Number of protein chains: 2
Amino acid sequence: MYITARADYAIRAMAELAVLGAEQRRAVLAVGTEANIPVKFLEAIFGDLVKAQLVTSKRGAGGGYALARPAAHISIADIVRAVDGPLAAVGGRAPEETVYTGASAALTNVWIALRSAMRDVLEATSLDDVVTGNFSPDVQRWLAADGAWQRRSS
Amino acid sequence: MYITARADYAIRAMAELAVLGAEQRRAVLAVGTEANIPVKFLEAIFGDLVKAQLVTSKRGAGGGYALARPAAHISIADIVRAVDGPLAAVGGRAPEETVYTGASAALTNVWIALRSAMRDVLEATSLDDVVTGNFSPDVQRWLAADGAWQRRSS
DNA sequence: TATAATTCCTATCGATTCAGTAGGAAAAGC
DNA sequence: GCTTTTCCTACTGAATCGATAGGAATTATA
C-alpha cells in the first residue's frame with residue numbers, strides 16, 4: 001500500500017502547470033527545478049501523462065507541457081492511474097477478479113469496498129482542489145475524522 | 001497501490017484459523033495445503049503474525065498456530081499492517097510527515113484523507129466479518145456505491 | 001529415551017519494480 | 001544553421017516480492 005515517488009512527482013508537476021494560465025506551456029527543466037524533481041526522471045513521467053492525455057506537449061524552442069483540460073476536470077485518481085496503473089490491485093489482479101473459496105470466500109468484498117473508498121477520495125479531488133486547498137465536503141469529512149492525523153502503530 | 005500476496009495469504013490463513021474453535025491449533029502444513037498457499041512462504045508470514053501478536057504458536061508435535069484473540073477483535077488492517085507495514089506511505093514517509101510547498105502545499109491533506117478512507121474499510125472489518133460475510137454498514141455502503149464493482153479504465 | 005512433528009532461524013534465489021541516469025534522435029522556433 | 005525542447009532507447013544499482021532450502025530448537029508421545 002504505497003504511493004510511489006512517480007505519482008507524487010506527477011501530481012506536483014501538474015500542480016505547477018495548473019497555477020499557470022491555461023494553455024501556458026512550461027518546459028520540463030523549469031518544472032523540475034522549481035518543484036525539486038530530478039529532471040530526467042520527470043521527463044519520463046511526463047511521457048506517461050501525455051499518453052494518458054492529461055497534458056499536451058510541444059517540442060522545440062518555446063515548447064513544453066500544458067494541462068490538456070482545466071485543472072478542475074483532472075482528478076488525482078486520473079494522475080495516479082496514468083503513472084502507477086490501477087488504484088487497487090491484489091496480487092496483480094483487479095479486486096473484482098479475485099476468487100476465494102472456503103473461509104475467505106467473502107474477501108473479494110473487502111477489496112471492492114477498499115477500492116471504492118479510495119476512489120471516493122482520489123476521484124473527488126481535482127488538481128484545482130489541490131492548488132486552491134479547497135476540498136470537497138467528503139474529503140473534508142475524512143480530514144476531520146477521529147485520529148485522521150495520528151499514526152496508528154497497532 | 002498494491003495489496004501484496006503476503007497480505008492476501010495472511011488474511012486467508014487467519015480466516016482458516018478463525019473457523020476452527022478458539023484455542024484450536026493448526027499446523028502450517030495443514031493451513032497451507034488447505035488454503036493453497038506455498039507452505040514455506042506461509043511459514044515466514046506466520047512469523048510476522050506472531051511478532052505482531054495476532055496469533056500464538058506452539059512448537060513440536062501437536063503444535064501449530066491459533067488466533068491470539070477472538071476473530072471479532074482482529075481487524076483486516078491489523079493483519080495488513082503486520083505483514084506489509086503501514087497502510088499508506090508516500091515515498092517511504094507516513095502521510096502526516098510529508099512536506100510540500102508552493103502549488104502542491106495542500107497535498108498532504110489528500111494523503112491523510114486517503115489513509116483515513118482506507119482505515120474506514122480495513123479497521124471496520126474484522127476477521128469474523130470476513131468468515132461470516134457479515135460486513136459493517138459502512139462497508140456495505142461502499143459495496144453498494146455506484147460502479148463499485150466496475151473497473152475504471154480512464 | 002528415541003522418534004516424529006512442529007516452529008523457528010538464516011540464507012539464498014530469480015524476477016520484477018523503483019528511482020534515477022545517459023546519450024542522442026526528432027521536431028520546432030528564431 | 002543554431003538553439004531549445006520533447007521523445008526514445010538503453011542502462012544501472014538498490015530494493016522488494018514471491019518463494020525455496022536446510023537445519024536447529026522444542027514438544028508430545030510411544
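All values reported here derive from a predicted model rather than from experimental measurement. Values below: every heavy atom of this structure, side chains too, minus hydrogens, waters and symmetry copies.
For C:dG29, one of the phosphate oxygens OP1 or OP2 lies less than 4.0 angstrom from a side-chain nitrogen or oxygen of A:Lys58. In this structure, B:Ser57 does not reach the C:dT6 phosphate: none of its side-chain N or O atoms is under 4.0 Å from OP1 or OP2. In this structure, B:Tyr9 reaches the D:dA19 phosphate: one of its side-chain N or O atoms is under 4.0 Å from OP1 or OP2. Dashed line: the shortest gap from a side-chain N or O of A:Lys40 to OP1 or OP2 of C:dG23 is not under 4.0 Å. A:Tyr65 has a side-chain polar atom (N or O) that falls below the 4.0 Å cut-off from OP1 or OP2 of D:dC7.
Atom-to-atom, CG of A:Leu17 to P of D:dT6 comes out at 11 Å; the value is rounded to the nearest Å. Between the CZ atom of B:Arg25 and the C1' atom of D:dT27 there is a distance of 12 Å, rounded to whole Å. Atom CZ of B:Arg26 and atom P of C:dA5 are 16 Å apart (whole Å). Atom-to-atom, OH of A:Tyr2 to C1' of C:dC18 comes out at 9 Å; the value is rounded to the nearest Å. A:Asp8 has its CG atom 10 Å from the P atom of C:dA19, to the nearest Å. In this structure, the CD1 atom of A:Ile3 is 12 Å from the P atom of C:dA19, given to the nearest Å. Note: CD1 (B:Ile45) to P (D:dC17) measures 12 Å, nearest angstrom. Across the protein-nucleic acid pair, A:Phe46 atom CZ and C:dA19 atom P stand 17 Å apart, rounded to whole Å.
Closest-nucleotide positions on DNA chain C for B:Gly91 and B:Gly47 were compared, and the one nearer the 5' end corresponds to B:Gly47. Sequence order on DNA chain D of the closest nucleotides to B:Glu43 and B:Gly60 puts B:Glu43 first from the 5' end. Nearest-nucleotide assignment on DNA chain C puts the 5′-proximal partner with B:Leu29, out of B:Leu29 and A:Pro38.
Nucleic acid contact for B:Gly64: sugar-phosphate only, since backbone atoms but no base atoms lie under 4.0 Å from a heavy atom of the residue.
Checking C:dT7, C:dA27, C:dA19 against the side-chain heavy atoms of A:Arg59 singles out C:dA27 as nearest. Each of D:dA25, D:dC7, D:dG18 was ranked by its minimum atom distance to the side chain of B:Thr4; first place goes to D:dG18. Side-chain atoms of B:Phe41 lie closest to D:dT20 of the nucleotides D:dT6, D:dT20, C:dT7.
In this structure the side chain of B:Leu49 never reaches within 4.5 angstrom of the side chain of B:Tyr65, judged on heavy atoms.
In this structure a side-chain-to-backbone donor-acceptor pair under 3.5 Å is present from B:Arg119 to A:Gly147. Side-chain N or O atoms of B:Trp149 include none that pairs as donor or acceptor with a backbone N or O of A:Pro95 at under 3.5 Å. Formation of a donor-acceptor pair under 3.5 Å by the A:Arg6 side chain with backbone atoms of A:Phe41 is not found in this model.
Inspection of the A:Tyr2 and A:Asp84 side chains reveals no N or O donor paired with an N or O acceptor under 3.5 Å.
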